[in-house]
Asker: 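The structure under discussion is supplied below as C-alpha cells; questions concerning it will follow.
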Amino acid sequence: MPPSNQNVTLTGLARRFVEDGLLEEAAARDAFIQASNNKIPLITYLVQNNLADSRGLAFSAAMEFGVSVLDLNSFSPEMLPEKIVDEKLVRKHNALPLYKRGKRLFIAVSDPTNIQALDEIKFNTGLSTDAILVDDAKLREMIDRYLESHETSMGDLEDSDLEDIDIEGGEEDNDDAAVAASDVDDAPIVKYVNKVLLDAIRGGASDIHFEPYEKVYRVRTRTDGILKEVSKPSIKLAPKIAARVKIMAQLDISERRVPQDGRIKMKLSKTKAIDFRVNTLPTLWGEKIVLRILDPSSAKLGIDALGYEDEQKQMYMEALEQPQGMILVTGPTGSGKTVSLYTGLNILNTQERNISTAEDPAEINLEGINQVNVNNKVGLGFAEALRAFLRQDPDVIMVGEIRDLETANIAIKAAQTGHLVLSTLHTNSAPETLTRMMNMGVPAFNIATSVSLIIAQRLARRLCSCKEPADVPKDVLLKEGFTEQQIETGFTLYRPKGCDKCNGGYKGRVGIYEVVKVTENLANMIMEEASSIKIAKQAQAEGFANLRQSGLKKVIDGMTSLEEANRVTKD
C-alpha cells in the first residue's frame, strides 16, 4: 500500500521548501509521495504540476546545499558539447552537459540530490562529473532546444539511406497519383530525387529548380540568393523526374497543361522535419518544377539573429508591444519578409493572445497560431479571411500580402479597432509603401492613423571567416556613400576569399533593413499626400537609416562586402 500522507516525515529539500513558504506541509507530503511513486525528482514533479515556482525552488535548494544557481539564459544550445552524453540519459535524469574542462564534465541539474544522474553519466562517458544547480523549468526548455539542435542533421545522413526517407505529401488525397506511382517509383529515380533534396538542404539552399529544355535537363539550387547548377541528368529522364516530384507532393501526374501547387514534408527525425512548397509550370519542353525549402526552425531564430541594428530592433519590439496598429514589411521576393513576420509572431505567440493568419500559402507552421490558406477558387481570398477573423475575437492578425483596396481597407479597419495587424507589400522602400497604399485608393487619413511601423528589407550574403582586407581609395568610399566622419574614424573593408567551408567567400545571409516609425511629422505629410521622395527626406531628417545606409553599416561591421552591399542596395 502507498504510504499515508500523515506517515511521511519531511526531510531535506521537502522540509526546506515548506520552511521557505513555497509549499504547504500537506501539499509537500503529497508531492513527495507522488514523486517517489513516479520515480522522478521532487523538484521536477513540483514544476511539472505547477505546484511551486521553479525559480523559487532553485534558490531554496541552493540555500539548503550552500551552492549558487546558474542562469541558463547565458547559454545557447550551440555552445553546449555535442554527443558527449547519450540522449536517453539526458532525458531520463533531466541533466544537461554544459561544458568540459579536461577530464571533468559539468552537468546542469535542478535537483542537487540526484546523485544517480551523475554516477550514470560518469560511467557512460568515463569523465568525472560535477553538478551545477539551475532552474528546473529553464533546464527542461534548454534540454528540448539542445536535443533538437544536435539531432541528426542532413550532413550526417548516408546516401545508402536515400530510398528510405520518410516523405509525406500535401493534404489532398489523389487516387490517380497513387495508382500511377508504380510507373515512376523505380529505385534510381527515387534515389536521385531524394539525393537532390538532401544535398540542397545540406548546402543551405532555399530553392531547387528542375528545368527541361529541348536537348538538356538541368537542376539548379539557390544558395545565399545565387542560383548554381548542380546536376545535368539525361533529358530522357525529365518526365520521370517530374512525375516523381509530383507524386511526392500528391499532385495530378496526368495533368501537364496547367500549373499545380503542392507540398512535401521530409521527416529527418521524430522532432525535425523540412517542408517543401512545390510549384509546376508547363513550359515549351516539359514541366519546370520549383521547390521552395521551408525550415520551420527559421521562424525561431530570434530577432537578434536577423541582423537588425539595435535601434531598429527596439522600434520593432515597441511596435509589437502595441495593442493595435499596423506593421508593414516590404521588399522583393526572397528578401526574408516571411521570416521577419514569423519572428514577430513567435514573440507575440503567448497563451493570452488569439493570433490568426491568412497566407498564400502558409509557409511555416507554428503551434498556437490559427493559420488559413487562402483559396480564391472557392472564394476564400485575403479579404474574406480577414472578415472572418474579425468575428473570431482576434488580438493579432497577419495578412500574407495586401494586394488590393478591399484587403487594405479591412486590414486598416482592424488596426483602428483594437487589433495588431502585420502584413507585407511589394515595394522597394519604406516611403514607397505609404504612397503605394495611397495609389491603391486608401484614404491618406486612414494610413496616417493606422500604420505604426514600416520595415523594408533585403538579404545580403554574409562573409565567411576566411575573408581578407580590401584596400579601397577614399574618393571611391565617398562616392559609394560613406561619410567623411566614418572614413576619419577608420574601419576595415573586407572582400571574399573562399575556402572549403563556404561558397565563394560567403556563408549564410544577413538582413539589411530600413525601419521607419510613423511619427507625428510623417503622419502629417501622409495626410497631405506628400510624395515618397519628400517622405524619404523627412525620414532621413528624423534619423531613420535607409537601406543603402544600413547596407554600408554592415560593410563597416565586416559582415558583408561592398560588392554585395552594392548588389542588393545600389540605386
Side-chain angles (χ1 to χ4, degrees), residues 1-77 79-80 85-99 104-125 128-148 350-352:
M1 292 181 63
S4 166
N5 180 309
Q6 299 300 320
N7 295 334
V8 174
T9 301
L10 294 178
T11 59
L13 280 178
R15 168 57 58 188
R16 181 77 193 206
F17 296 155
V18 173
E19 291 174 352
D20 288 350
L22 296 170
L23 284 171
E24 295 292 336
E25 190 162 341
R29 287 197 182 98
D30 287 337
F32 183 82
I33 293 171
Q34 293 299 326
S36 299
N37 292 341
N38 294 329
K39 297 181 179 179
I40 61 174
L42 174 62
I43 292 178
T44 300
Y45 178 82
L46 293 172
V47 174
Q48 286 180 347
N49 291 277
N50 297 317
L51 298 175
D53 174 60
S54 63
R55 188 170 182 271
L57 292 173
F59 281 101
S60 183
M63 292 295 292
E64 177 71 13
F65 287 87
V67 297
S68 58
V69 178
L70 179 71
D71 185 3
L72 277 179
N73 287 338
S74 60
F75 286 81
S76 68
M79 295 166 57
L80 304 179
V85 180
D86 186 82
E87 176 183 342
K88 292 180 181 178
L89 285 180
V90 173
R91 290 287 191 196
K92 175 183 176 182
H93 295 298
N94 202 36
L96 181 66
L98 287 180
Y99 54 90
R104 298 176 66 191
L105 183 63
F106 293 83
I107 308 291
V109 295
S110 58
D111 186 347
T113 65
N114 193 2
I115 306 301
Q116 184 186 359
L118 299 180
D119 289 343
E120 285 197 33
I121 292 173
K122 179 179 180 180
F123 179 79
N124 181 262
T125 62
S128 297
T129 53
D130 291 86
I132 294 179
L133 190 61
V134 298
D135 182 323
D136 186 85
K138 290 183 179 179
L139 175 60
R140 287 188 287 120
E141 179 185 347
M142 180 63 81
I143 286 175
D144 289 338
R145 291 169 59 198
Y146 167 77
L147 293 177
E148 182 174 338
T350 63
Q351 187 177 347
E352 295 78 22

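The model shown is predicted, which means the values in this text are computed figures rather than measured ones. Sequence positions, counted from 1, serve as the residue numbers for this chain.
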Asker: Test: salt bridge (charged side-chain N to carboxylate O under 4.0 Å, His left out). Region: residues 113-124. Which pairs qualify, not counting sequence neighbours?
Answerer: Lys92-Glu120
Asker: Going by side chain to side chain contact (heavy atoms under 4.5 Å, CB included), name the residues that satisfy it together with Ala28, two or more places apart in sequence or in a different chain.
Answerer: Leu10, Val18, Leu23
Asker: Which residues pass the side chain to side chain donor-acceptor pair (under 3.5 Å) test with Glu352, not counting sequence neighbours?
Answerer: Thr350
Asker: If you round to the nearest 0.5 Å, how far is CZ of Phe32 from CG of Leu42?
Answerer: 7.5 Å
Asker: With sequence neighbours left out, write down each residue that passes ring-ring contact (aromatic ring centres under 6.0 Å, His included) with Tyr99, or none if nothing qualifies.
Answerer: Phe106
Asker: Can a salt bridge be assigned to the pair Arg15 and Glu25 using a cut-off of 4.0 Å between side-chain N and carboxylate O?
Answerer: yes
Asker: By side chain to side chain donor-acceptor pair (under 3.5 Å), which residues pair with Asp136, not counting sequence neighbours?
Answerer: Thr44, Asn94, Ser110, Arg140
Asker: Kindly give the heavy-atom pair with the smallest separation between Phe17 and Ala61, and that separation in Å.
Answerer: CE2-N, 4.2 Å
Asker: Quick one: side chain to side chain contact (heavy atoms under 4.5 Å, CB included) partners of Leu118, sequence neighbours excluded?
Answerer: Ile107, Thr129, Ala131
Asker: Please list all pairs passing the salt bridge (charged side-chain N to carboxylate O under 4.0 Å, His left out) test where one or both residues lie in residues 51-74, with sequence neighbours left out.
Answerer: Arg16-Glu64, Asp71-Lys138
Asker: Side-chain contact test, heavy atoms from C-beta onward, threshold under 4.5 Å: evaluate it for Ile121 versus Val90 and give yes or no.
Answerer: no
Asker: Taking all heavy atoms of Ile143 and all of Ala95, pick out the closest pair and write down the distance.
Answerer: CD1-N, 3.9 Å
Asker: Please identify which of these residues, Val134, Asp135, Leu139, meets the side chain to side chain contact (heavy atoms under 4.5 Å, CB included) condition with Leu70.
Answerer: Val134
Asker: Is the count of non-hydrogen atoms from other residues, nucleotides or ligands lying under 6.0 Å from Glu24 atom CD greater than 12?
Answerer: no
Asker: Answer whether the closest heavy-atom distance between the side chains of Asp20 and Phe59 falls below 4.5 Å.
Answerer: no
Asker: Using the test salt bridge (Lys or Arg N to Asp or Glu O under 4.0 Å), find all partners of Asp111 that sit at least two apart in sequence or belong to another chain.
Answerer: none
Asker: Partners of Thr125 by side chain to side chain donor-acceptor pair (under 3.5 Å), sequence neighbours excluded?
Answerer: none
Asker: Please report the interatomic distance CG(Asn124) to CG(Leu89), rounded to the nearest 0.5 Å.
Answerer: 5.0 Å
